[in-house]
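One-based numbering, in listed order, for ligands and for the atoms of each. Just the heavy atoms: all of them, side chains too, but no hydrogens, waters or symmetry mates, feed the values below.
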Amino acid sequence: MAVEYDASRVTLVDHPLVQHKLSILRNKDTGTNQFRKLVRELAYFGGYEAMRDLPLEDVEVETPICASTFKQLAGRKLAVVPILRAGLGMVDGILDLVPSARVGHIGMERDEVTHEPHEYYCKMPKDIDQRTCLVVDPMLATGGSAEMAVGYLRGRGVKDIRMLCIVAAPEGLKALTDRDPDVHIYTCAIDECLNEDAYIVPGLGDAGDRIFGTL
Ligand code: PRP
Ligand code: URA
């Protein structure tokens with residue numbers, strides 16, 4: 001039976017360049033070096049979509065021709081929050097877009113048998129509650145890791161949380177949208193299902209191992 005989730009809270013980033021790069025990423029023969037580059041590039045494209053609604057303010061600029069009014073980002077503070085390890089591979093792609101964003105880390109590892117995540121590290125900017133948080137992790141499988149990360153940030157008083165992944169399973173989209181009433185999810189693909197090991201099908205395998213070459 002199909003897993004139902006609130007599709008209004010999910011944005012599929014399906015630009016042709018994204019689909020092309022993601023097909024290379026999925027290929028089991030793509031090596032660590034190229035995999036890492038592609039994860040960074042896909043984070044850039046996904047981040048571009050996830051920040052589409054950031055507020056702007058007027059700014060006076062003098063061009064070589066005349067002075068006029070233009071737009072700049074209105075001082076909204078941002079934080080990128082990678083879920084370790086695999087989320088680390090997406091950080092530089094986001095920082096390419098917003099170089100002054102702060103970075104908060106959440107270390108989380110799934111138990112191989114129960115598939116439940118356990119947290120092993122956490123370090124956030126002090127003013128995290130004042131920031132728009134973009135949580136990044138290439139894989140949203142059962143959704144357990146993302147749920148725990150979003151729950152932690154809510155506990156720290158963060159109001160605006162966006163989740164950016166590269167491949168999501170319907171099960172993870174349901175779990176996260178059911179768990180949190182406001183989080184919006186951006187993903188480059190929505191795959192078919194999970195297998196008995198809670199890996200995404202067809203997916204791309206173990207993202208952390210492929211990024212860091214620990215296969
Ligand atoms: C992977 C992945 C996500 C999580 C997704 O991390 O990077 O964090 O699993 O699965 P879930 O949605 O079912 O929680 P893993 O625990 O393998 O750790 P790693 O990034 O250190 O390899
Ligand atoms: N974690 C991964 O890295 N890949 C999956 O398919 C599921 C969880």
Atom 5 (C) of ligand 2 has as its nearest protein heavy atom Y199 CD2, 3.4 Å

Evaluate the 4.0 Å heavy atom contact test for atom 1 (C) of ligand 1: does a protein atom fall under the cut-off? no

With heavy-atom distances below 4.0 Å as the criterion, list the atoms of ligand 1 near G143. 11 (P), 12 (O), 13 (O)

With side chains defined as the heavy atoms from C-beta onward, is the minimum distance between T69 and V59 less than 4.5 Å? no

Taking atom types as modelled, find out whether R52 and Y48 have a side-chain donor-acceptor pair closer than 3.5 angstrom. no

Applying a heavy-atom cut-off of 4.0 Å, say which part of S145 lies close to ligand 1: side chain, backbone, both or neither. both

Between the NE2 atom in H115 and the OH atom in Y199, the distance rounded to the nearest 0.5 Å is 8.5 Å

Is R210 close enough to touch ligand 2? Criterion: a residue heavy atom under 4.0 Å from a ligand atom. no

Within 6.0 angstrom of E57 CD, more than 12 heavy atoms from elsewhere: yes

Run the numbers for me: atoms of ligand 1, each under 4.0 Å from some heavy atom of R110, listed by number. 9 (O), 10 (O), 11 (P), 13 (O), 14 (O), 16 (O)

What is the nearest protein non-hydrogen atom to atom 18 (O) of ligand 1, stated with its residue, atom name and distance? M108 O, 3.9 Å

Closest contact, heavy atoms only, I200 versus M139: CD1-CE, 3.9 Å

Does at least one non-hydrogen atom of E109 fall below 4.0 angstrom from an atom of ligand 1? yes

When you check the side-chain N and O atoms of T214 and D209, is any donor under 3.5 Å from an acceptor? yes

Per-atom filter on ligand 2: closer than 4.0 angstrom to a heavy atom of A141 are 7 (C), 8 (C)

The protein heavy atom nearest to atom 13 (O) of ligand 1 is T142 OG1, 2.5 Å

Yes or no: does A198 have any heavy atom under 4.0 Å from an atom of ligand 2? yes

Distance under 4.0 Å to a non-hydrogen atom of R110: what atoms of ligand 2 satisfy this? 7 (C), 8 (C)

What are the atoms of ligand 2, with element, lying closer than 4.0 Å to any heavy atom of A207? 2 (C), 3 (O)

Verdict with supporting geometry, K77 and D160, salt bridge (Lys or Arg N to Asp or Glu O under 4.0 Å): CA-CA 11 Å; K77 294 171 162 181; D160 186 350; over 6 Å; no

Within the structure, is a non-hydrogen atom of G205 found at a distance of less than 4.0 Å from ligand 2? yes

Other residues, nucleotides, ligands: >12 heavy atoms within 6.0 Å of R102 CZ: no

What do you reckon, does A141 have a nitrogen or oxygen under 3.5 Å from a nitrogen or oxygen of ligand 1? yes

Of V158, I106, I161, V80, which meets side chain to side chain contact (heavy atoms under 4.5 Å, CB included) against V135? I161

Is there a continuous path of hydrophobic side-chain contacts, each under 4.5 Å between heavy atoms, that joins L164 to Y44? yes

Within the protein, is there a heavy atom lying under 4.0 Å from atom 21 (O) of ligand 1? yes

Quick one: nearest non-hydrogen protein atom to atom 17 (O) of ligand 1, plus distance? D206 OD2, 4.2 Å

What do you reckon, is CD of Q72 surrounded by more than 12 foreign heavy atoms closer than 6.0 Å? yes

Polar side chain donor-acceptor pair, T142 to E171, under 3.5 angstrom: no

Side chain, backbone, both or neither: D137 near ligand 1, heavy atoms under 4.0 Å: side chain

For M139, atoms of ligand 1 separated by under 4.0 Å from a heavy atom: 3 (C), 5 (C)

Which residue and heavy atom of the protein sit nearest atom 6 (O) of ligand 2, plus the separation: I200 N, 2.8 Å

